[in-house]
Amino acid sequence: MTGKTEQSAAAEALGYEQARDELIEVVRRLEAGGTSLEESLALWERGEELAKVCRRWLDGARARLDAALAEEEQGEDADEES
């Protein structure tokens, strides 16, 4: 595995809170400046990976919530029909 592939796999294994906290740190470091161009690019790439992880977690949570709400609504409809 290449370093970039390993880093992507490691990002995928993070929980939402871990990815979010690391993303906050990446943004803080980029905003603070004082890094080389190469380091800034590496931080930006890591931030993009972390943002994708967070988005997948949030999309998954939204899907679970929508499914639960749909199930609850179906249960209420069935109760009204009885």
Side-chain angles (χ1 to χ4, degrees):
M1 243 196 247
T2 65
K4 194 168 194 170
T5 304
E6 289 173 0
Q7 194 175 42
S8 295
E12 293 295 322
L14 293 175
Y16 172 77
E17 290 80 6
Q18 293 169 307
R20 180 203 58 210
D21 291 347
E22 187 177 340
L23 179 57
I24 290 168
E25 179 61 21
V26 166
V27 170
R28 186 196 65 72
R29 288 180 62 195
L30 285 169
E31 288 178 341
T35 58
S36 68
L37 177 59
E38 189 65 32
E39 186 177 3
S40 293
L41 286 172
L43 285 168
W44 179 79
E45 289 172 343
R46 180 65 176 164
E48 287 291 320
E49 289 176 11
L50 293 165
K52 287 176 187 176
V53 170
C54 289
R55 173 56 52 199
R56 278 193 284 278
W57 275 106
L58 292 173
D59 289 346
R62 170 56 67 190
R64 288 175 59 192
L65 179 59
D66 289 346
L69 291 173
E71 187 176 302
E72 182 179 310
E73 189 174 294
Q74 287 176 347
E76 289 174 1
D77 290 346
D79 289 344
E80 290 175 5
E81 291 176 4
S82 308

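Two different hydrophobic clusters hold L14 and Y16 under the rule that ILVMFWY side chains link at heavy-atom gaps under 4.5 Å. Cluster membership for L41 and V26, using ILVMFWY side-chain heavy atoms within less than 4.5 angstrom, is not shared.
Atom CG of L50 sits about 10.5 Å away from atom CG of D21, to the nearest 0.5 Å. Atoms CZ and CZ, on R62 and R55 in that order, are 10.5 Å from each other to the nearest 0.5 Å. Remark: L30 CG to E39 CD distance equals 8.5 Å, nearest 0.5 Å.
Panel note: side chain W57, backbone E17; no donor-acceptor pair is recorded below 3.5 Å.
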Given salt bridge (Lys or Arg N to Asp or Glu O under 4.0 Å), test E31 with R28 step by step and report yes or no.
CA-CA 5 Å; E31 288 178 341; R28 186 196 65 72; over 6 Å; no
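Within a 6.0 Å sphere centred on CZ of R56, other residues, nucleotides and ligands contribute more than 12 heavy atoms.
The closest side-chain heavy-atom distance from Q18 to E22 is not below 4.5 Å. Taking 4.5 Å as the limit, every side-chain heavy atom of V27 sits out of range of all side-chain heavy atoms of L43.
The existence of a salt bridge linking E49 and K52 is excluded, since no basic side-chain nitrogen approaches an acidic carboxylate oxygen closer than 4.0 Å.
Residues T35 and S40 come closest through the heavy atom pair OG1-OG, 2.6 Å. Looking at every heavy atom in both residues, V53 comes nearest to A19 through CG1-CB, 3.8 Å.
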